[in-house]
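Take a look at the structure below.
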Amino acid sequence: MTSYILRRLVMTIPILIGISILSFAIMYLAPGDPASMLIDPNIKPEDLERMSERLGLNDPPHVQYMKWVGHILQGDLGTSFIQRRPVNDIIMERLPNTLVLMIASSLFAIVLAIPFGVLSATRQYSVLDYSVTTFSFIGVATPNFWLGLMLLMIFSVQLGWFPSGGIHTINVPFSIWDRIHHLILPMIVLGSYDMASLMRYTRSSMLDVIRQDYIRTARAKGFRERTVIYKHGLRNAMIPVITIFGLMLPTFIGGSVVVETLFSWPGIGQLFINSVVQRDYPVIMALTMFSAVLVVIGNLLADIFYAIVDPRIEY
Amino acid sequence: MTTQTQSHEPQTAPESKRLLEVRHLKKHFPVKAGVLQRTVGYIKAVDDVSFHIDQGETLGLVGESGCGKSTTGRTIIRLYEPTSGQIIFGGQDISHLSERQLRSIRQDIQMVYQDPFSSLNPRKTIGTILEEPFSVHRLYSKKERQERVEALLEKVGLNPSWRNRYPHEFSGGQRQRIGIARALTLQPKLIIADEPVSALDVSIQAQVLNLFEDLQDEFKLTYLFISHDLGVVKHICDRVGVMYLGKLMEIADKNSLYDEPLHPYTQALLSAVPRPNPNIKKRERIILKGDVPSPVNPPAGCVFHTRCPMATDHCKTNVPEMHEVKPGHFVACHLYHE
Amino acid sequence: MSALLEVRNLKTYFYNRKKELPIIDGIDFDVNRGETVALVGESGSGKSMTAFSIMRLLPSPGGKIVEGQILFEGQDLVQLSEEDMFKVRGNDIAMIFQEPMTSLNPVLTIGEQITEVLRYHKKMEKKAARERAVELLKLVGFGRAEQILGDYPHRLSGGMRQRVMIAMAMSCDPKLLIADEPTTALDVTIQAQILELMKKVSEEFDSSIILITHDLGVVAELAERVIVMYAGQIQEEAPVKALFNNPLHPYTFGLLASMPSIEGGSKRLYSIPGNVPSPENFPTGCRFAPRCAKAIEACYKTQPELREIEPGHKVRCHLC
Amino acid sequence: ACRGEEGTAPKDDTTGEAKEEAQGEAADEPQYGGDLIYGQIGNPQVLNPMYSQDAASGNIEDLIFAGLMRTNEELEMVPHLGEPVEVSEDGLEHVYRFYKGVKWHDGEEVTADDVVFTFSIPLHEDYDGPRKSYFENLESVEKIDDYTVKFILKRPDAAWPVNAGWPLLPEHILGDVSVAELGEHTFNRDPIGAGPFKFDEWVEGQYVRLVAHEDYFEGRPYLDSITVKITGDTNAQVLQLQTGDIDMGVFPSEEFATVETFDHVKISQVLRYAYNFFGFNFRNEFFQDHKVRQAFAYAIDRQAIIDVTLEGYGEVAHGPVSPLSWAWTDDLTVYEYDPGKAKTLLAEAGWEPGPDGILVKDGQKFEIEILYNEESNARRTTAVIIQDQLAEIGIKATPKSLEWGAFVDTINPPRHEFDTIILSWNLGTDPNPYHIFHSGQIDEGLNYGSYVNEELDQLMEAVNLEMDEAKRTEKLHEIFKILSEDLPYVFLNYPMENVAYPINLHGFIHHPSVPFYKADDWWLEQ
Amino acid sequence: MSQIHQHLPAPATAEDPKAVTIGERRSLWLIIISRFFQNKLAVAGLVCLILIILAVSFAPYLTPYEPHKQDLTNRLQPPSAEHWLGTDHVGRDIFTRILYGGRVSLMVGFSAMAIMITIGTLVGAIAGYYGGRIDAILMRTVDVFISFPSIFLLITLVAFLQPGLSTIIFVLAIFGWMGTARLVRGEFLTLKKREFVLAARTTGMSNVRIIFSQILPNAMGPIIVAATLGVGSIIMTESTLSFLGLGVQPPTPSWGNMLTDAQSVTIFRTAWWYPTFPGLMILITVLAFNFVGEGLRDALDPRVIEK
Ligand SMILES: Nc1ncnc2c1ncn2[C@@H]1O[C@H](COP(=O)(O)OP(=O)(O)OP(=O)(O)O)[C@@H](O)[C@H]1O
Ligand SMILES: Nc1ncnc2c1ncn2[C@@H]1O[C@H](COP(=O)(O)OP(=O)(O)OP(=O)(O)O)[C@@H](O)[C@H]1O
Ligand SMILES: [Mg+2]
Ligand SMILES: [Mg+2]
Ligand code: NI
């Protein structure tokens, strides 16, 4: 097992190098830099030059890249051009918010998707199955910003059930209920796509499993349907779903950009958009790198989990 | 064991009649593991196998699943690069020819496969499938190709007007006939048939076996016939080789082998075959212990010693060489050697 | 003494896109206590579906028993409630399948899979069930039975898995064991082990066995009585010797004659022309008629009845 | 907020006149207490006026920091922590005295050392912030006594009070920090100033909380705290205003109809000290022809643009001067919407309709791009409306939007890659549009369109040198007249700014460029 | 045994071709189509798509209005007999714009899909067929692209590159091909071991020809499915980019950028039809593509075809 994990870790190295080159290249080729974005008659080209110099933007690309990677390897993601402080600090301040949102959304997705996916597979062609299927199709086809706007309009503006943004009410003491209250809408919006697709994966995986020979064996042993499905079927059905879940991480990160913008959620997605707009390269690169690492770790965990769940995987 | 292996070569026919000669053929597949996926060992799928086939002859290869029959066949036809050893076809060593050099040889050796469902491209009509070898070698005109395809279909007992149908429209037996027809398109000298009837029902199997026989007569074909069904091999082959764990254990004329098997493995194998005859008295059956060991770490010495009822300590350490015990009857077993 | 299992005019149809497919079309047979009955026939003749009908495990939706009785110890399984059927399956009637590689649950250990049957049907304690499982595994020839308990199926070879399947099937002393091509996927030497084991087990437990196979060699070795199926019908039924020595139905003839044997020579094989018809287009009249070398006009017109020609020897043929 | 507009107007660098102020029903006595949550779209960068370059930071800095001078509602510089006492005759030496007893938030007194320290920063060679050029005219700053300082300039500068009002930084805290490290100092996220509100807490991406500075020299602010909450975008701003997550904030005119319905807020509107324009690139020879430019001016229905994009909340512009400015004149050439005239003018200029209806001259089709930045719905809609209106007169215009950074890169020297742009200028103190239209500003400056008018060049240079207020005004009026006639831009409109604030907020004055103008006077009726 | 032989007539008919019956004659495509048509949802999706494609193709005949023509006096009119789906903020007919916007959205969807599928198929085919080092390098590249949070890159690229339809298409394709590559590689890995491929190799067929004429047609099923689902997801991604202000440029309508224009609280409140209809169109179209994709997946399932 350790060797398996090690091997997977080693495999991530070239991926990370590739990612770092790609994100650096894109930034390097991008037009405009943070200094030149000001239109101000009082700021003279010399000032811009001076600022570029300070930011190291005048070095040749490979030097910039090596410097950057060198720092990253030491755990230093650089200094924000705009906020003039370590990118590490900025990300660490926002990361918990994004994580809370992502974890809540994935829990939301899993908790609803798996039972309904299983039910709809075991009752194929029932009303429940059709409803689940329809729902999941619609869930996958709805752009999440649109869903978000609609939910905001209905539940926040028209009905006033939920706050319209932020992660907690300002100027009131901390309360867990207040946090949850703020979390619900963004969680639904971020989780809906993955819930829908997870539901479909669970359903089809389960359908696949219940046609397997060992399910027939379990039936021949005289077990009740419930035992057959939940004891013999579910675990096998979950194996492919786990990998899918690993692959869902990027959609969560991507979705967080939209959801955080919609709900004024101060996480890394919002930070990313701000940084792109402001050409804050260290932050952009750090965030791309960071979330790529997150995805890589997610996949790694999924693989490891997969290996744990599926005894057939030899490591 | 340092005996000159050359002297142990089965020699039943003058060189001139030899179509194929396989010498010390080895095919090892790397096994990768560890952090860097380094090669940690090899599956010795074929491990030092030597035999020959004469013109017009049918050589059978039998053995249990995983013993390396298919690998042998596929290496001969150069689907796999041999690890070592020589494949001499029609006097020419083809074991290290490049893909380009092989092109002309490819016309002479063809293969028939086991799975009638997987061996035909489901997206092509059988006409196209059968014409493909021509177009690869740029033979004949379009019209001529068609005629030849129709003739071939007729030959294998299918209606020529079915050229435009897809494989899925045919039953397993019919598909197997198409597979045979395809092997015949380029008028090969040698056909390697890898379990061509294993997937078929008895009644269909008989049809296909008969077809093999008929075609051999008509086209003077030479077969390497791979099967695990001892009955089938007995029926169709002239000589039979028995493989176990990548090694050839015994090779002999059919009757000699079936009537008087020498190798304990061959004996066990033959005794294990259920006889469709309730009248005969229950024979003494040799039941082998356990399973075939893994080809990654085959036992030292004689690979069969772990299951052999007659194994001695000598067998555990020394690899037995092939010896001609009776004329044309070769066996690799210490029992018959000193 | 009445038979353990009496199948009476069983009809199992498949409903596929509103088409009705007579997969099993009125079969009758008995299985006596302690007896081994073989069901032979080409692929698609309905052997497995007969077994699944008995187990009431037909693929659903689609498969349905439309008519007939399956009397097990006098009780009609067709009429049994699903609830009662749970008590029969795995307990009174056990089944093993052709594909040992896929018939065991890959994520549960062998131990779990064997003990769960015992705990479910025999209400055994965990520990007792474990002991019994070890016993069973030893019986089917595992030396290191305790170790096997903790193993996952993928670690075992095909032969070992099939032995596990047998141990599992025998765990509740079933009165009837249905073995659906138990050795087809195995090598001859392993097949020999398994056949040997089945003989031993049937003696040990005094179970009746329905052995489904298309290998006549296996039939000759193991069975006492043989039922030849073709296109969803029984064509011939006879004690094993009678069938091999005096096959009455041309189909049986064909099967026997087309088999290359290690005892036979290299004479040209007989072969039955054509293919097994699919249930969508079963011929009217005798279903074998289109492939039958001896078919007469009547064969194409009317369906022959299954008739007892000699005691215990029944055949469905106009010519006999 | 639009960064295109922020550029030209350092926040407290404006003079002029607030057109309207909120009518607080100042009947009652002000009350102490209360917390106000102010919604702001932008995320502040650093809270140090020497290093921040965004409005989001600037607004908050206004609350925390204070300088010697500040702007009033009329956009004039007035004394704040101190006052000018003397200007030398050559105009090079400015002496300022400031008041005693002004306290930093940590209780220390503000002294001349602080002033010297603050103004020395941009003069230091290690300084790497964006403000160096602001102070390029400053030779040095000297302490005369604890409460008096002297600025020595390189050239005379009538507008020096603007710079003199730069917010002060505490010497007793930052004095030992090397200038090179100042930009990254933790002070910038935990600042101490002498302004009415004291920094309390900054939660990244969420809010900056400020509490009343008890020792504020003009008296403790009425409010206990102001929290600037970052909302991220205008929709969120409006929604949070509705749900009460924020109490107060700016919102775009498109949402007026919605905000109007909220019972808990009042709306204040004032013209922003800015104008939107549609600019030509004179490198494209099409636009060298005055008739063509005039045709554009006639073809664009500017009132319609205001009606659609600003819901009518704005005024049509005819020149580069704001009605709020002291230099305002209505003697400008006015091109009323008249597509017929536009067509005639184009025909006169030699443009004839081609077979597809698009004008052709010398085999060239009249096809242009309208470049703009994806900044707000209003900007986008403006582009689309102009495109449609130009289509009316046979000109094929294609709107093209660029993200801000790319946009600036495209229009900036040396690229100048555009036909026409839509942009807006915030107006500075000095109404002289020298930076924008002088031909010397083509290669490095804001004259993106490469507009050259020698007569105008001379006039604008003269204005810079003219010290006499009346003559200056006269010359300026002449400049505006020429610009409105010659049309380097089609001036579009002066937009309104809308602020929603709680009905129980009193003392709020809607300043055209300082959102927290005199926030210490704001009070909430409990 | 020999007795039996005597009982039997000579097996004369055994090889008689006419005596051999063969299965029902149905072409491959007929089977696929008939299977597809049994799936009601898939058919509904297909009908929807055909209707949408027809409608957008014949847009000029379906509506008297022009997509860019503004009518500033008729802004934000609710649906009526004149304007079936109402008008937008500059008085353009929403129905008309939905039709023309559909052209753009579908065009973007189809072209990006075509590029994406081509890249993905090539990479996957080469990696799967040749294996070894080539496979390792290509698959690590795929991993790199997959690990990138694509929306980040989309945003960055679209923001930094010159905008325009081709940029959008290019960028969407560049970050969408990895799934196809993996899928095709998987197919190739299994297919290249199939015996018909071995047979082709033993006839001396070249690798390129084997890839394209033997294996690829068999991998087409999953590729078609991926392509169908891909169009849907691209349309959705384009709309998300539009939401962030980076999609197709106005005044060219696309469903995504129509939503962008409608993205204001006031419009949501007072002109519900404006955000609703383009949103619904995206939903319906993506849904339809998904239905068709799933239907095709079932219909093209090789397990079913080959039996
Ligand atoms: N391409 C390959 N890569 C790695 N190992 C292989 C490969 N092909 C075959 N092997 C291994 O080589 C050994 C011999 O396989 P081979 O297919 O030749 O056996 P066989 O005698 O044909 O068996 P069967 O009767 O099952 O067809 C097996 O252990 C198999 O797992
Ligand atoms: N789920 C199903 N739906 C429709 N037809 C089926 C289904 N399962 C089996 N059949 C059909 O039922 C018939 C009998 O099948 P069965 O599996 O009983 O044959 P068999 O004799 O066991 O053959 P084999 O030797 O291949 O196992 C076949 O024609 C088969 O096509
Ligand atoms: Mg093989
Ligand atoms: Mg079966
Ligand atoms: Ni015989």
Side-chain angles (χ1 to χ4, degrees), chain A residues 11-12 14-19 21-23 26-27 29-32 130 133-134 137-138 140-150 152-153 157-158 193 200 204 247 249-258 261-262 269 272-273 276-277 279 284 287-288 291-296 298-299, chain E residues 41 45 136-137 139-162 179 229 232-233 235-240 242-246 255-256 259-260 262-263 265 268-269 272 275-276 278-280 282-291 294 297:
Chain A
M11 269 168 60
T12 60
I15 301 180
L16 293 179
I17 293 176
I19 290 170
I21 293 177
L22 200 57
S23 47
I26 289 173
M27 298 311 136
L29 298 174
Y130 282 120
T133 310
T134 314
F137 268 117
I138 292 178
V140 171
T142 314
N144 58 1
F145 67 90
W146 195 60
L147 177 70
L149 281 174
M150 292 288 178
L152 265 178
M153 289 300 152
V157 175
Q158 299 297 332
Y193 178 88
R200 272 170 60 196
S204 68
L247 292 176
L249 249 173
T251 68
F252 273 128
I253 295 178
S256 70
V257 172
V258 168
T261 309
L262 267 175
F272 184 80
I273 292 272
V276 168
V277 168
R279 291 292 189 283
I284 303 176
L287 277 184
T288 4
S291 32
V293 171
L294 217 60
V295 172
V296 169
N299 282 335
Chain E
L41 282 182
I137 292 173
M139 282 304 111
R140 287 302 84 74
T141 314
V142 167
D143 286 343
V144 168
F145 276 80
I146 281 192
S147 309
F148 248 105
S150 61
I151 190 100
F152 282 18
L153 269 186
L154 288 177
I155 293 169
T156 327
L157 275 182
V158 176
F160 294 177
L161 293 176
Q162 287 287 313
L229 300 177
S233 81
I235 290 178
M236 225 161 77
T237 314
E238 189 275 319
S239 73
T240 304
S242 285
F243 164 78
L244 298 168
L246 302 165
W255 293 334
L259 275 177
T260 321
Q263 214 193 105
V265 178
F268 257 84
R269 231 173 39 88
W272 56 268
T276 304
L280 272 183
I282 295 175
L283 194 148
I284 291 172
T285 311
V286 177
L287 204 60
F289 273 111
N290 281 343
F291 282 157
E294 296 283 318
R297 193 201 301 282

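Lettering follows sequence order; numbering is per chain, from 1. The model shown is predicted, which means the values in this text are computed figures rather than measured ones.
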Let me confirm one number: the [atom1]-[atom2] distance from [X] to [Y], rounded to the nearest 0.5 Å.
{"X": "T141(E)", "Y": "I15(A)", "atom1": "OG1", "atom2": "CD1", "answer": "9.5 Å"}
{"X": "I146(E)", "Y": "R140(E)", "atom1": "CD1", "atom2": "CZ", "answer": "11.0 Å"}
{"X": "Q263(E)", "Y": "F145(A)", "atom1": "CD", "atom2": "CZ", "answer": "7.0 Å"}
{"X": "M236(E)", "Y": "T285(E)", "atom1": "CE", "atom2": "OG1", "answer": "12.0 Å"}

Could you tell me which of [options] has the largest number of non-hydrogen atom pairs under 4.5 Å with chain E?
{"options": "G18(A), G255(A), S291(A)", "result": "S291(A)"}
{"options": "V296(A), I253(A), L262(A), L22(A)", "result": "L22(A)"}
{"options": "G254(A), P14(A), A141(A), P143(A)", "result": "A141(A)"}
{"options": "V295(A), T134(A), T261(A)", "result": "V295(A)"}

* **All side-chain hydrogen bond (donor to acceptor under 3.5 Å, both in side chains) counterparts of T251(A), not counting sequence neighbours** =>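 side-chain hydrogen bond (donor to acceptor under 3.5 Å, both in side chains) check on T251(A) returns D194(A).
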Please classify the contact between [X] and chain E as side chain, backbone, both or neither, with a heavy-atom cut-off of under 4.5 Å.
{"X": "Y130(A)", "result": "neither"}
{"X": "I273(A)", "result": "side chain"}
{"X": "S23(A)", "result": "both"}
{"X": "V140(A)", "result": "both"}
{"X": "F137(A)", "result": "both"}

* Donor-acceptor contact present, side-chain W255(E) to main-chain E238(E), <3.5 Å ->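 Not at all, since once roles are kept as given, no pair shorter than 3.5 Å links the two residues.
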* Where the side chain of T260(E) meets the backbone of S242(E), is there a donor-acceptor pair that is under 3.5 Å apart? -> yes
* Best-contacting candidate, I284(E), L41(E), T276(E), against chain A by heavy atom pairs under 4.5 angstrom ->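 Maximum pair count with chain A is reached by T276(E).
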* Under 4.5 Å heavy-atom distance to chain A, tell me which part of V142(E) shows up: side chain, backbone, both or neither. =>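 No part of it gets close to chain A.
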* Contacting moiety of F145(E), where chain A heavy atoms sit under 4.5 Å -> side chain
